[in-house]
Amino acid sequence: MLVGTMLHDVFQKATTCGFTEAVLQNLALQTVYGPKYLKEMYQLKLNQADVLQEIEEYLPSFQKWTSDYMTPATLTNWTLGLSAGNITDKRALQVSEFLDIEENVWSPRFGLKGKIDVTTKVKIHQKSKGVKIMPLELKTGKESNSIEHRSQVILYTLLSQERREDPEAGLLLYLKTGNMYTVPANRLDKRELLKIRNELSFYLTNVVQKSDNGTKEIKLTSLPSLIADKQACKFCSQLRNCALYSRSVEQENGSPYIPADMLSVIEKETAHLKVSHLQYFNLWCLMCSLEASSKESKTGRKNIWMLSSEEREEDGQCVGNLIRIGSVQCVSDGQHLHCFQRRSGDIPATNLMTGDRVVVSGEEKKFLALSTGYIKEVNKNDITCILDRSLAKIPPGTIFRLDHEEGGSGMQSHLGSLSKLMENSPSSEKLRDLVIDFKKPSFIQHLSSVLPHDAKDTVANILKGLNKPQKQAMKHVLLSKDYTLIVGMPGTGKTTTICTLVRILYACGFSVLLTSYTHSAVDNILLKLKKFKVGFLRLGRTQKIHPEVHKFGEEEICKTKSIKSLGALEELYNSQPVVATTCMGVNHPIFTRRRFDFCIVDEASQISQAICLGPLFFADRFVLVGDHQQLPPLVQSAEARELGMSESLFKRLERNQDAVVQLTVQYRMNSKIMALSNKLVYEGRLECASERVSSAIVQLPHFKSLQLELEFKGSIESVWVKDVLEPSNPVCLLNTEKIPALETEEKCGISNRIEAKLVFLLTSLLLKAGCKPSDIGIIAPYRQQLKVICSYFTNLSSSAVEINTVDKYQGRDKSIIILSFVRSNINGKLGDLLKDWRRLNVALTRAKHKLIMIGCVPTLCRFDSLEKLICYLRSENLICNLPPGAHEHFTV
DNA sequence: CCTCTGCTCAGAGGA
């Protein structure tokens, strides 16, 4: 397959460089010895010289083809026409020009999308026809002229119609021989192909069945019945998935018909699985399907062709009415730098940011999805992006639009892991035992049997800096044979613990795979780790990696060392015992060749089960670090959530308490702030690391003079304001009940203008009292509220005050946190967000020295979790009732 | 009812 891809590349490049022997030879050399396919050759353990030889064998056929079809032939009488299946008559058809390669076409009306190998201008020697633009499909394999190949060409003629006149036929070129076939696109063939396409699509869009007979049963439905062709199935890459689905879903549903031949194939393919495994597969397939359709309906790709650019601009997901300016710069293979300008005026306000994936289309429907790529920069009057195709040949004057490509599909990685978990392999079997069947994790008896003798002193040294629970955690991991769960309560030094753990494992000579869901979480640990003498390799796109970690990044190293040979690449991949990447980065070729002694997954309580499994396949033992009392994985579909999709692997495995170690000593909050979450969530287990942590309060150098100023004004506000700001009162809830401060519900979300104003006033006063803007954090559960708060801050120079959602603040802290609860109404409406006590726990544990909460007590009391909090605050006398109109009177 | 981060990807060929 790889050789096929490379040959395509050579041919496609030759369409612009020429088909002479020397050029082709050179292109083959560049392709094999260039950087593009190095990773794949590494994965397949190939040898560059062998690959080159294999490719060279094709080159004479390339030339034969050009001499047959690209030299103006002497005209003879036209005899053939576009008759089916025959080798094209060289005299009847000539390729006069190559118009494009890898043309990208989305066809909503046919429900197809694809890329056309080569778009050619063809001269047909027949009176009525003359010149046509046709798709040319390249095949490097056996010259089968099979129904599959011909059907593919017919589908390309459909795609081709989206851009131009119906070609009525396409070309099929076999590169091994240089023979070319004309494939006429008959109406009946096209109709049958679309019928097959629609049937499959119907089944896939209706995989979930919701019965409304009162039982509220949701289940997966059956797919089209299996084809009875053992030969075809034998080599199919989907055989396992097909068999799994058939056994766990279709046979459970009592599907009417399974070909007798296939029963044994399915049985053989799934014989290693227990009932519990099939049930797990069924449930996760169902939840993934629910979540996928929920995502699709929300941010589906279809908006790009269903909505005008003006409509989409309102959501900030698109910029339309653009023209291309300057010339297209080719940065590297498949990376073309483009610049766009608004036809008139500046670029409108948009959510598009550097690094976002975009789809470029013409405003005209026929130019849908010309290219995809990344935003490089958004300026006041232009946008630059790097696109996979050059738009230089698109007619000048074309008006473009850029659409944000939002995840869309997104569930493939989940399903991929799930499928792999069912594989008949030792590592999958072990994980099935542990994850699905809750097999008890086992441990080694004595540390001495794992700790190499010469590493003892180093390890002892490293351990010195840790507190007791942290040391306990290290020991637990070293003794584990299967897994360890480290509960990192807020502020307990999770990052330090992980960093130390890596150092110890490294010192003991173990290899470590270090992962987390987000790039920033991975880099967080690496930033700490790079200060020690631990080498590591960071996989992933440079653009997504923290600048200070770049020099450990794979791409960066390949560039600076200009790695071009397979040997050098292999050496790089084997160079470090510690490898770091995201959980979704495990499709990297390195993982087909390397295994690790340990895998560490940070923020594991926030990662979806299937995604978290991804890196675990490549390690003998694993360590999950997280805190299930904080936010769980995000699931959009309420139905999927009810079925348990937001249960992380961390949470699932926590039932094996002997695998759990808790980090309870925290360095973040002072004792008053810590007490809140200790009361609500941690049952008093959380403790301050030292007296200094426990009694730390905020520094407000000008607090006294501010106090005097307020008293001088003699306003009633001065009383409560003073109490609220007072550094020695670390916790306070401002009750807006009497003001009153009602929420507003808008199309884009819920906000509370008065709370927003109070937030702004308090922030201004804190700054006036001498607080650094970067020490203040503002948190609200709702995005819309953040927008409103931000609007108050636009004129203030203090933009360093960080305003964000609770979710985004997880893992972070600030000296002072101002928390706006937002919800305040009389009709008893509650939001789901605040109901989640885990979100509340996160919100309450971000402040180091001072936590100011703003909310309407009677409304908040309707949430169970908040009622508990308010009860406690009341008992401690920490609620401050704001007087009516408290937000109005004073000026700052 | 409004919390969001990962993913290049469609097609490379075999029987």
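Reminder, nothing fancy here: chain letters follow the sequence lines and each chain counts from 1.
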(message) Pairs counted only when both distances fall under 3.5 Å, Watson-Crick or G-U: show me the 5' to 3' dot-bracket for DNA chain B, [ ] for pseudoknotted crossings and | for other-strand partners.
(response) ...............
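- Listed nucleotides B/dG6, B/dA10, B/dT3 differ in distance to A/Lys115; the shortest reach to its side chain belongs to B/dA10.
- The phosphate of B/dT8 has neither OP1 nor OP2 within less than 4.0 Å of any side-chain N or O from A/Arg541.
- Each of A/Tyr517 and A/Glu148 has a nearest nucleotide on DNA chain B; the 5'-most of these lies closest to A/Tyr517.
- You'll find that the side chain of A/Arg783 is closest to B/dC4, out of B/dC4, B/dC2, B/dA12.
- Close to B/dC2, at under 4.0 Å from its OP1 or OP2, lies a side-chain N or O of A/Tyr782.
- Nucleotide B/dC2 holds its P atom 19 Å from the CD atom of A/Gln317, rounded to whole Å.
- Residues A/Lys494 and A/Asp627 are not paired through a salt bridge, judged by the lack of any N-O separation under 4.0 Å between the basic side chain and the carboxylate.
- Scored by the ring-ring contact (aromatic ring centres under 6.0 Å, His included) test, A/Phe11 finds A/Phe19, A/Phe62, A/Trp65 as partners (sequence neighbours excluded).
- Computed from coordinates, the A/Asn587 CG to B/dC9 P distance equals 11 Å when rounded to whole Å.
- In this structure, the NE2 atom of A/His8 is 8 Å from the C1' atom of B/dG11, given to the nearest Å.
- Evaluation of the ring-ring contact (aromatic ring centres under 6.0 Å, His included) rule for A/Phe617 yields no partner, not counting sequence neighbours.
- Using a 4.0 Å heavy-atom criterion, one finds that A/Leu634 contacts the bases of the nucleic acid, with or without backbone contacts as well.
- Between A/Phe618 and A/Ile590 there is no side-chain heavy-atom pair separated by less than 4.5 Å.
- Atom-to-atom, CG of A/Asp9 to P of B/dG11 comes out at 15 Å; the value is rounded to the nearest Å.
- Classification of A/Glu743 and A/Arg823 as a salt-bridged pair holds, one side-chain N sitting under 4.0 Å from a carboxylate O.
- A salt bridge links A/Asp523 to A/Arg538: at least one charged side-chain nitrogen sits closer than 4.0 Å to a carboxylate oxygen.
- Closest approach to the A/Thr5 side chain among B/dT3, B/dA12, B/dC7 is made by B/dA12 (side chain taken as heavy atoms from C-beta onward).
- The cationic group of A/Arg357 lies under 6.0 Å from the six-membered ring centre of A/Tyr374 and within 45° of the ring axis, placing it in a cation-pi geometry.
- Remark: A/Lys113 is in phosphate contact with B/dA10, judged by side-chain N or O atoms under 4.0 Å from OP1 or OP2.
- Within the structure, every side-chain polar atom (N or O) of A/Thr582 is placed at least 4.0 Å from both OP1 and OP2 of B/dT5.
- A/Leu631 comes within 4.0 angstrom of nothing in the nucleic acid, heavy atoms only.
- Using a 4.0 Å cut-off between charged nitrogen and carboxylate oxygen, A/Glu802 and A/Arg812 count as a salt-bridge pair.
- Across the protein-nucleic acid pair, A/Leu46 atom CG and B/dA12 atom C1' stand 14 Å apart, rounded to whole Å.
- Evaluation of atom-type donor-acceptor distances gives a pair under 3.5 Å for the side chain of A/Gln636 against the base of B/dC4.
- If you measure from atom OH of A/Tyr809 to atom P of B/dT5, you get 15 Å, rounded to the nearest angstrom.
- A salt bridge links A/Glu137 with A/Lys139; the closest basic N to acidic carboxylate O contact falls under 4.0 Å.
- Between A/Lys808 and B/dT5, a side-chain N or O to OP1/OP2 separation shorter than 4.0 Å is present.
- Side chain of A/Lys142, nearest nucleotide from B/dC2, B/dG14, B/dG11: B/dG14.
- Atom pair A/His519:NE2 and B/dG6:C1' shows a separation of 7 Å (rounding to whole Å applied).
- Of the candidates B/dT3, B/dA12, B/dG6, B/dT3 carries the atom nearest the A/Arg641 side chain, counting heavy atoms from C-beta on.
- Closest to the A/Gln152 side chain, of the nucleotides B/dT3, B/dC7, B/dG11, is B/dG11.
- Residue A/Asp836 is classed as having no contact, given no heavy-atom separation below 4.0 Å to the nucleic acid.
- When the C1' atom of B/dG6 is taken as reference, atom NE2 of A/His414 falls 9 Å away, rounded to whole Å.
- Listed candidates were B/dC2, B/dC4, B/dA15. Nearest to the side chain of A/Ile750 is B/dC2.
- Each of B/dT3, B/dG6, B/dA12 was ranked by its minimum atom distance to the side chain of A/Thr518; first place goes to B/dG6.
- At a threshold of 4.0 angstrom between heavy atoms, the contacts of A/Glu137 are confined to the sugar-phosphate backbone, with no base atom among them.
- A gap of 16 Å separates the C1' atoms of B/dT8 and B/dA12, to the nearest Å.
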